[in-house]
There are 2 protein chains.
Amino acid sequence: MPTPTRTAARSESIDSIQRELTAVARRARSVTAQIHPGLTLVTYTLLDHLHERGGCRGTDLAAHFLLDKSTVSRQIAALDKLGLVERTADPEDLRGQIIRPSAAGEQLLADVRERRHQAFLSRLADWPDDDLERFASYLALYNAHT
Amino acid sequence: MPTPTRTAARSESIDSIQRELTAVARRARSVTAQIHPGLTLVTYTLLDHLHERGGCRGTDLAAHFLLDKSTVSRQIAALDKLGLVERTADPEDLRGQIIRPSAAGEQLLADVRERRHQAFLSRLADWPDDDLERFASYLALYNAHT
DNA sequence: CTGCTTTGGTTGTACTATGCAACCAACAAA
DNA sequence: TTTGTTGGTTGCATAGTACAACCAAAGCAG
């Protein structure tokens, strides 16, 4: 049975989590506004997802990122203009197009990923292994909930 | 001495953290785009900071959030138009103005805070107390680094 | 005190990201 | 075949942002 003090402690933890996550979101936007020349956080995220999925349609991206299809359409057009993606007609449905990172896109993804990895590496350098693991699993758990 | 497998495990944890934090940032943007009628995430964050600090100048907000002073000026103007803040001349420096949440602003802040708290409460309902605490402390530690 | 530099704030302009609505083309079902 | 649905593009409108120009008040050097 929860005691009043235990409830209060939970409340405080939750407020803290809320505050810190907001800070994370805010910082992510201001720091990574330009993640690479000509590549914003949004386009990078889309490109990365295309890589993870091994190519998918614009509608899938829109659904996954809760964006309007017009927004995705424009972002993909931008990536296309930069030569970072390739579009092929979906053989199963001639309306759709399968979008995949081009060779240049994959190269750029690898570069950015490496650069970000190094940044995280130095930032988390003095964290013990098991704390890292636990932090990762907490975040995954938090995100998994819807 | 770090073994190769240990290093690989760290790498994996770090990649996971990076991925999940990016997801957090992305979701925060799409979910809290409209945090309250007429209040966006940015204006809410500014208002909240004004509350925390007990009022401050626009320049202070700009410095804290890494925003241009013109951006802050417009956001404050918007909050002012909504009657959520009050501006008083800085007695120490007639150029500046001290900005504070108005009574309506404080009320709105309290409402939003309560609503978000409830949302987090239900989202984290099945987390044991000590996991909550640990998660909060990890986040704080992560954010504290710069 | 006078003049130059700095600082807090506003406004004009431009750009990007975004959503909504209208549209087209291809698919699917009645 | 006709009707409704779906993937995608394009034309608006809007919000957030930065940069630059500007003003007024401080601050400082002489």
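Not measured: the values here are computed from a predicted model. Just so we're on the same page: letters track the sequence lines, and every chain starts at 1.
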If you check the [X] side chain, which of [options] turns out closest?
| X | options | value |
| --- | --- | --- |
| A:Ser73 | C:dG12, D:dG8, D:dG7 | D:dG8 |
| B:Asp93 | D:dA25, C:dC27, C:dG19 | D:dA25 |
| A:Gln97 | D:dT17, D:dA26, D:dG8 | D:dG8 |

Spacing of [X] atom [atom1] relative to [N] atom [atom2], expressed in whole Å:
| X | N | atom1 | atom2 | result |
| --- | --- | --- | --- | --- |
| A:Leu82 | C:dT16 | CG | C1' | 14 Å |
| B:Leu46 | C:dG9 | CG | C1' | 15 Å |
| B:Asp60 | C:dG9 | CG | P | 8 Å |
| B:Asp90 | D:dA24 | CG | C1' | 15 Å |
| A:Arg74 | D:dG7 | CZ | P | 18 Å |
| A:Ile76 | C:dA17 | CD1 | P | 13 Å |
| B:Phe65 | D:dG16 | CZ | P | 14 Å |
| A:Leu94 | D:dT5 | CG | P | 22 Å |

**OP:** Find which nucleotide of DNA chain C each of A:Lys69 and A:Glu92 is nearest to by heavy atoms, and output the residue with the more 5' nucleotide.
**Re:** A:Lys69
**OP:** Hey, which sits more toward the 5' end of DNA chain C by its nearest nucleotide, A:Gln75 or A:Arg95?
**Re:** A:Gln75
Original post:
Taking the six-membered ring for Trp, are A:His49 and A:Phe65 parallel (under 30°), tilted (30 to 60°) or perpendicular (over 60°)?
Top reply: perpendicular
Could you check whether [X] gets within reach of a base, just the sugar-phosphate, or nothing at all, counting any heavy atom under 4.0 Å?
| X | result |
| --- | --- |
| A:Asp68 | base |
| B:Ser70 | base |
| B:Leu67 | sugar-phosphate |

Original post:
Taking only side-chain nitrogens and oxygens of A:Thr71, does any of them come within less than 4.0 Å of OP1 or OP2 of C:dA17?
Top reply: no
**OP:** Check whether any side-chain heavy atom of B:Phe135 sits under 4.5 Å from a side-chain heavy atom of A:Leu141, and report yes or no.
**Re:** no
Original post:
Is A:Arg113 salt-bridged to A:Asp48, going by a charged N under 4.0 Å from an acidic O?
Top reply: yes
**OP:** Validate the cation-pi geometry between A:Arg123 and B:Tyr142: distance from NZ or CZ to the six-membered ring centre under 6.0 Å, angle to the ring axis within 45°.
**Re:** yes
Subject >> No-H, no-angle donor-acceptor pair, A:Arg87 side chain to D:dG7 base, under 3.5 Å >> reply: no
Original post:
How far does CG of A:Leu79 sit from CG of A:Leu39, to the nearest 0.5 angstrom?
Top reply: 6.5 Å
